[in-house]
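All ligand and atom numbering here is 1-based and tracks the order in the structure. When reading the values below, keep in mind they use all heavy atoms of this one structure, side chains included, and skip hydrogens, waters and symmetry mates.
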Amino acid sequence: MDFDNIFLLLAAVIHFFLGFFILIKQKEKKSLAIRYYFLMALSLSLWSVFTFFFLINSNFIYDRFFLSIIFILGGFSAFFLFYFLSTFPSEEKISTINYALPTVLLLLVIYFSYFSDFIWQDIIVLKDNAKFLVFHPIGYWFYLGFLILIILKGILTLLKKYNLADKLLKKQIFYIIIGTVLGGLSGVFFSLVFTIVFPLSAWGPIATLILVVFIAYAIAKHHIFNIKVIATELLTFLVWIAILIEVFLADTLTEMLIEIGLLIFVVFFGILLIRSVLREIRIREKIESLVKELGFANKRLKEIDDQKTEFMSLASHQLRTPLTSIKGYTSMVKSGDFGKISNEQKEPLDIIFTSTENMNNLIDDFLNASRIERKKGFDYNFVVDNPINLIKGIIDNLSIQAKEKGIKFVYENKINKEVKIKFDNRTLLQAISNLIQNAIKYTNNGSVTVKISRTNNHLGFSVKDSGIGMSKEDLKMLFKRFFRSDSVKINHPEGTGLGLYLAERIILDHGGKIWAESKGIGKGSSFFITLPVVNE
Ligand code: ADP
């Protein structure tokens, strides 16, 4: 057997298996287009087989039979290709004329090929078994026209869907058209045009492999892993078939036994290989679908988070207006604008005033947090100045709070030279007082030490307390929005978990750093801030 014929048999196998694999790999309901693709591949495979029989046969009667079948199968292949192109990617109604016309033409092709000599008239066989075809002058054009027209019509139908297609479908259509033009037309060329001058050869069925492979690739493209399985399975099968052929071609019994042994060995490992590829793909598919689900969940969470930020901002704005009135009127009542007030009235008014102020600060925190979420940030008014006196001011204020709680408050200023930094008065003081307030709040007895120092380029600020301390896990979460450690939630339910979140943002916006340390629960905490010094 010469090489051409072996390739022809291989082409038959590949045609069949590609069609078959695409059909069975389609997990969802099998689409009409896929079924047509399979039927086309099957027709091409049989066409290759009958071409093989025709080429190796030397009996005149059989030759005529084989050739008729070859022409019929050629017609069937183009017929199914047309339906595939018309129904890809999903079932759409094909008009009756589009159904009827190709069917009528195909019936004519079957009739002419089998029952008449309208398409081909004779076979001339030379000594070396080269077979020349003698075509009917009109029937030849009828057959050629049928093939070309039906393929072109299919291509045009598919092209119409190109504009409305998404990116992936556009790619698929592109591969299908390239495959159809290259494979389909060269198949027609080798079997009908070439044969006017040369004998019928194996090249037609081999050329149509391009068609089948391109379309298989396009179909499997939306699921790239399928290609891997198909390729593995196909290669394995090809190796099996090749060894099987070797078994039959073996000259001696020993050779045959060796080939059979080899076949068993290769079949065994081939199955193992296919199974491992399948397993890997299943795992990958699972991961893929999990990633997808996670993506959805994430998106949903983000939406909810956005809604919460929106709500936070809205609610805070609404709360602010009545608070401003309460604060304004309380202050006016306190200063006697509505008549003289007694000493008994003064105390509750003071409480109302401070509570309103606390609430105002709280609302400010919420508003600022929602501004950060919406990427708007703080409104800064930066100046370059010496901040020590300002810091000293809040420290003095807060030290009174500490003493009232019975906590020892220590303040150490180690800076003796003038130091300047670039800062925004309001927010920097907010960040620093938050650290000191927390130290006082989360220390039941013991001490709070505030230190200001300077290195070459930085102004350092630290707050150490001997309070409830923090675990390693707490330290990791400390600057996250709304974080409050479990240990404070029961004894200090009033916090918001926004203070440190805002403080970190503020310090970062000042070009500085903020961090915390603690040796563990009950072992006190230390907070540090460094800010770049401006050298003038
Ligand atoms: P709040 O104090 O309103 O809860 P913060 O953002 O200021 O919000 O602090 C967040 C959390 O960090 C606190 O709830 C607490 O768990 C922890 N924390 C902050 N400062 C200290 C500290 N000095 N000692 C122990 N825990 C602290």
Self-check item: Worked check of ring pair (Phe, Tyr, Trp, His ring centres under 6.0 Å) between Phe80 and Phe84
Solution: CA-CA 6 Å; Phe80 288 127; Phe84 167 76; over 10 Å; no

Validation: residues 406-415 side-chain donor-acceptor distances under 3.5 Å, sequence neighbours left out:
from	atom 1	to	atom 2	distance (Å)
Asn413	OD1	Ile415	N	2.9

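Salt-bridge formation is detected for the pair Arg300/Glu303: a Lys NZ or Arg NE/NH1/NH2 atom is positioned less than 4.0 Å from an Asp or Glu carboxylate oxygen. Salt bridge present: Asp305 and Arg481 bring a charged side-chain N and a carboxylate O closer than 4.0 Å.
No donor-acceptor pair under 3.5 Å is formed between the side chain of Lys171 and the backbone N or O of Ala218.
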Show me a pair-per-line table, with atom names and distances to 0.1 Å, of protein N or O atoms that are under 3.5 Å from an N or O of ligand 1.
from	atom 1	to	atom 2	distance (Å)
ligand 1	2 (O)	Asn438	OD1	3.2
ligand 1	2 (O)	Lys441	NZ	3.3
ligand 1	2 (O)	Tyr442	OH	2.7
ligand 1	3 (O)	Thr496	N	2.9
ligand 1	3 (O)	Gly497	N	3.3
ligand 1	4 (O)	Tyr442	OH	3.2
ligand 1	4 (O)	Arg484	NE	2.6
ligand 1	4 (O)	Arg484	NH2	3.2
ligand 1	6 (O)	Gly499	N	3.1
ligand 1	6 (O)	Leu500	N	2.7
ligand 1	7 (O)	Asn434	OD1	3.4
ligand 1	7 (O)	Asn438	OD1	3.4
ligand 1	7 (O)	Asn438	ND2	2.7
ligand 1	8 (O)	Gly497	N	3.3
ligand 1	14 (O)	Tyr442	OH	3.4
ligand 1	14 (O)	Arg484	NE	3.4
ligand 1	16 (O)	Ser485	N	2.9
ligand 1	16 (O)	Ser485	OG	2.9
ligand 1	20 (N)	Asn438	ND2	3.4
ligand 1	23 (N)	Asp465	OD2	2.9
ligand 1	24 (N)	Ser525	OG	3.1

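By the 4.5 Å heavy-atom criterion applied to side chains, Ile507 and Phe461 are not counted as neighbours.
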